[in-house]
Amino acid sequence: MAIQAERLQQIRDILVDVLEIEPDELTETSDFVNQHGADSLLAIDIIASIERSMGVRIPSAALPEMVNLGAVVELVLRYEQEDTDA
């Protein structure tokens, strides 16, 4: 299942904002911790921002999975799907 371009851009914008990096620094596989200096508090900020702006509930148990853009997109798709299934 592919994510729509505007939703992908929305996720990218959130990540760039929370991680305080330049948009071109964020690739699908760039590591939040090792390349962008993220910590668990920033991961929580990312989840909160996604929930606020996209309306997708992501459980805190998913925090360890949030390692890069690709992983965050997968989580959004997974939990968005669960929300529509419920």
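- To the nearest 0.5 Å, atom OG1 of residue Thr27 and atom CD of residue Gln35 are 6.5 Å apart.
- No donor-acceptor pair closer than 3.5 Å links the side chain of Ser30 to the backbone N or O of Leu26.
- Two residues are said to be in side-chain contact when any heavy atoms from C-beta on lie closer than 4.5 Å; Val67 and Val33 fail this criterion.
- Here Gln9 contributes atom CD and Gln4 contributes atom CD; the two are 13.5 Å apart, rounded to the nearest 0.5 Å.
- Residues Ile47 and Met66 meet the side-chain proximity criterion, which asks for heavy atoms closer than 4.5 Å.
- Proximity of Met54 to Ile11: side-chain heavy atoms (C-beta onward) are separated by under 4.5 Å at one or more points.
- Scanning both residues, Glu51 and Val56, for their nearest heavy atoms gives CG-O, 2.8 Å.
- To the nearest 0.5 Å, the span separating NE2 on His36 from CG on Leu19 amounts to 6.5 Å.
- In this structure, Ile14 and Asp17 have side chains that are not in contact, with every pair of non-hydrogen atoms separated by 4.5 Å or more.
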Report task. Step by step, work out the side chain to side chain contact (heavy atoms under 4.5 Å, CB included) result for Asp45 and Leu42. Result -> CA-CA 5 Å; Asp45 282 351; Leu42 284 179; 4.1 Å; yes
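- Rounding to the nearest 0.5 angstrom, the gap separating the CG atom in Asn34 from the CG atom in Asn68 is 11.0 Å.
- Remark: Glu6 CD is packed, more than 12 non-hydrogen atoms of other residues, nucleotides or ligands lying under 6.0 Å away.
- Glu74 contributes no side-chain N or O that, together with a main-chain N or O of Glu65, makes up a donor-acceptor pair within less than 3.5 Å.
- The distance from the CG atom of Leu63 to the CG atom of Leu41 is 10.0 Å, given to the nearest 0.5 Å.
- Note that the CD1 atom of Ile50 and the CD1 atom of Ile58 stand 4.5 Å from one another [nearest 0.5 Å].
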